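First listed ligand is number 1; within each ligand, the first listed atom is number 1. Predicted model, so just to flag it, every value in this text is computed and none were measured.
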Amino acid sequence: MIYPELPFMPTDLDGKVVVITGGGGTLCAELGGALARCGAKVALLDLDLKAAETAAANICGENCDVIGLFADVLDEKTLLAAAERVKNEFGPCDLLINGVGGNHPRGTTTHDFLEKADLGDPEITTFFDLDTGGIDYVFKLNFLGVLMPTQIFARQMMGREGCSVINISSMNATRPYTRIPAYSAAKAAVSNLTQWLAVHFSRTGIRVNALAPGFLLTSQNFNLMIDQTSGHTTERAARILTQTPMQRFGEPKELVGPLLWLASAAASGYVNGAVIPVDGGFQAYAGV
Ligand code: NAD
């Protein structure tokens, strides 16, 4: 079936069973909608059941092949329960999108650069104040949060044709963003695991790839990017744009084409272990 917004891009996703973790979130709900419009049966898994159910209902109302289910990507029992539900309702999983990811304030520094004067200031979190609990949270969510669902759902792919896993890494995996060392390193681990899994699964026919989005404007980061009083870009957002050759943020829908290409075995059957930047040229730009 053809995704109406990209009619030049036929896909072979009709009837495929797709599981998306973090499916109630901004980007993954967008991706789930696109896959459903290509004829896939889509299960949106999320810790926030209401968000997953709302996203499913927004995609196609009540009588369609999109469901929202509860699952915690760090809790094997809930993943197994969701896997059973998906198998009973739709059949075994053909495509897993590992969409869960996020940061934690306790793994974040206040400033980009360490200044001697910041040391001891209770208002400022320096590298020395980073909390191992916050860092542990970020590593578990982003790394184990990809590994554990893959353990559960890739088992359903074994011995079947055209199955694949698509992880959501980030551009900060290759160029760590200032202030968020834990999130950057954890996403580097996601890109690394993508390659490891691609090699490990290569003789089973399961392909493993990733998308690495750059700065996409979503409701979550809108306030960080756009000043609410002036409506102009914030200072950090302006710096991002000077580092982005295309001089604009991305839109969630701009992940759809690369996703459909990676998801379609007919289109990208020999692509394995790739981490595809979707970043307006951010990664390629040295700034001079
Ligand atoms: P989001 O915060 O909108 O969605 C994340 C979803 O994951 C939420 O619905 C949340 O409830 C769910 N979740 C959190 N912990 C969970 C858990 N333990 N188990 C199951 N579900 C859980 O995020 P988003 O902005 O749509 O980002 C999606 C992915 O894209 C993430 O991996 C993120 O790191 C990555 N990414 C986003 C951007 C961006 O600009 N938004 C850029 C690069 C990479």
Side-chain angles (χ1 to χ4, degrees), residues 19-34 43-56 58 68-79 81-83 96-104 107 136-150 152-153 165-177 180 182-191 193-194 210-226 236-237 240-241 244 248-256 258-259 275-280 282-283:
V19 171
I20 309 183
T21 70
T26 316
L27 299 184
C28 288
E30 177 84 28
L31 300 180
L44 303 171
L45 273 48
D46 208 289
L47 194 57
D48 183 343
L49 175 61
K50 192 145 184 32
E53 286 177 339
T54 305
N58 286 343
L69 297 177
F70 172 79
D72 178 350
V73 291
L74 300 177
D75 180 344
E76 191 187 18
K77 256 196 233 151
T78 66
L79 286 168
L96 169 66
I97 299 176
N98 281 307
V100 168
N103 191 27
H104 193 283
D136 189 48
Y137 170 89
V138 175
F139 267 83
K140 279 195 176 126
L141 185 68
N142 291 279
F143 182 75
L144 280 182
V146 168
L147 189 144
M148 290 175 65
T150 307
I152 306 293
F153 288 99
V165 177
I166 299 175
N167 298 327
I168 311 290
S169 183
S170 164
M171 200 30 58
N172 70 9
T174 38
R175 296 180 67 197
Y177 302 161
I180 50 172
Y183 181 63
S184 296
K187 285 296 192 186
V190 171
S191 293
L193 179 66
T194 300
L211 294 174
F215 291 93
L216 307 178
L217 208 48
T218 63
S219 51
Q220 270 76 6
N221 62 21
F222 189 81
N223 291 346
L224 294 172
M225 302 293 201
I226 309 292
R236 188 166 168 89
I240 290 165
L241 291 177
T244 305
R248 66 172 179 85
F249 300 113
E251 293 179 46
K253 68 178 185 189
E254 290 179 297
L255 287 179
V256 170
L259 174 89
V275 181
I276 308 295
V278 186
D279 68 347
F282 183 88
Q283 180 185 240

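Atoms NZ and CD1, from K187 and I180 in turn, are 10.5 Å apart once rounded to the nearest 0.5 Å. One distance of note links CD1 of I276 with CG of L211; it measures 7.5 Å at 0.5 Å rounding.
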Begin from the C-alpha positions of D136 and K140 and carry the test side chain to side chain contact (heavy atoms under 4.5 Å, CB included) through to its verdict. CA-CA 6 Å; D136 189 48; K140 279 195 176 126; 2.9 Å; yes
Using the side chain to side chain contact (heavy atoms under 4.5 Å, CB included) rule, take L45 and I20 through it: C-alpha gap first, then chi angles, then the decisive distance, then the call. CA-CA 6 Å; L45 273 48; I20 309 183; over 6 Å; no
Set out, in order, the CA-CA distance, both residues' side-chain angles and the distance that settles side chain to side chain contact (heavy atoms under 4.5 Å, CB included) for E30 and L255, then state yes or no. CA-CA 9 Å; E30 177 84 28; L255 287 179; over 6 Å; no
Assess whether side chain to side chain contact (heavy atoms under 4.5 Å, CB included) is satisfied between I240 and F249, documenting all intermediate values. CA-CA 9 Å; I240 290 165; F249 300 113; 4.0 Å; yes
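Looking at atom 30 (O) of ligand 1, its nearest protein heavy atom turns out to be I168 CG2, 3.2 Å. In this structure, atom 19 (N) of ligand 1 lies nearest to the protein heavy atom V73 N, 3.0 Å. The nearest protein atom to atom 15 (N) of ligand 1, hydrogens excluded, is given as L141 CD1, 3.5 Å; this is a heavy-atom distance. Residue, atom and distance of the protein heavy atom nearest to atom 21 (N) of ligand 1 are L47 N, 3.2 Å. Regarding atom 14 (C) of ligand 1, its nearest protein heavy-atom neighbour is V100 CG1, 4.2 Å. Among protein heavy atoms, the minimum distance from atom 2 (O) of ligand 1 is reached at Q220 NE2, 4.1 Å. The protein heavy atom nearest to atom 34 (O) of ligand 1 is Y183 OH, 2.5 Å. Counting only heavy atoms of the protein, atom 42 (C) of ligand 1 lies nearest to G214 O, 3.3 Å.
With I168 as reference, I97 is the one residue of N98, I97, N142, L259 to meet the side-chain contact (heavy atoms from CB on, under 4.5 Å) rule.
The option from L211, L27, D46 that lies nearest to atom 8 (C) of ligand 1, judged by heavy atoms, is D46.
Looking only at distances, a side-chain donor or acceptor of T21 sits under 3.5 Å from a matching main-chain atom of G99. Checked by atom type and distance alone, the side chain of D279 pairs as donor or acceptor with a backbone atom of F282 at under 3.5 Å. Between the D72 side chain and the L79 main chain, no donor and acceptor come within less than 3.5 Å of each other. Checking side-chain atoms of S169 against main-chain N and O of A210 turns up no donor-acceptor pair under 3.5 Å. Side-chain N or O atoms of D48 include one that pairs as donor or acceptor with a backbone N or O of A51 at under 3.5 Å. Counting only distance, with no hydrogens or angles, the side chain of E254 and the backbone of E251 share a donor-acceptor pair below 3.5 Å.
Contacts between M171 and ligand 1 below 4.0 angstrom, taking non-hydrogen atoms only, are absent altogether. When heavy-atom distances to ligand 1 are checked against a 4.0 Å cut-off, N221 comes that close only through its side chain, counted from C-beta outward. By the criterion of a heavy-atom distance under 4.0 Å, neither the backbone nor the side chain of T21 is placed next to ligand 1. For P252, no heavy-atom contact with ligand 1 is shorter than 4.0 Å. Contact annotation: for A51 versus ligand 1, there are no heavy atoms closer than 4.0 Å. The backbone and the side chain of T26 each have at least one atom closer than 4.0 Å to an atom of ligand 1 (non-hydrogen atoms only). With a heavy-atom cut-off of 4.0 Å, A71 touches ligand 1 through its backbone alone.
Counting only heavy atoms, the protein never gets under 4.0 Å from atom 23 (O) of ligand 1.
Heavy-atom proximity to G25, at under 4.0 Å, picks out these atoms of ligand 1: 3 (O), 4 (O), 9 (O). Counting the atoms of ligand 1 from 1 in the order shown, those under 4.0 Å from a heavy atom of G22 are 6 (C), 7 (O). Residue S169 approaches ligand 1 through these ligand atoms, each under 4.0 Å from one of its heavy atoms: 44 (C). Counting the atoms of ligand 1 from 1 in the order shown, those under 4.0 Å from a heavy atom of G99 are 28 (C), 29 (C), 31 (C), 32 (O). For ligand 1 and D72, the ligand atoms under 4.0 Å from any heavy atom of the residue are 17 (C), 18 (N), 19 (N).
Y177 has its ring centre less than 6.0 Å from the ring centre of F215.
At a 4.0 Å cut-off, at least one heavy atom of K187 sits close enough to ligand 1 to count as contact.
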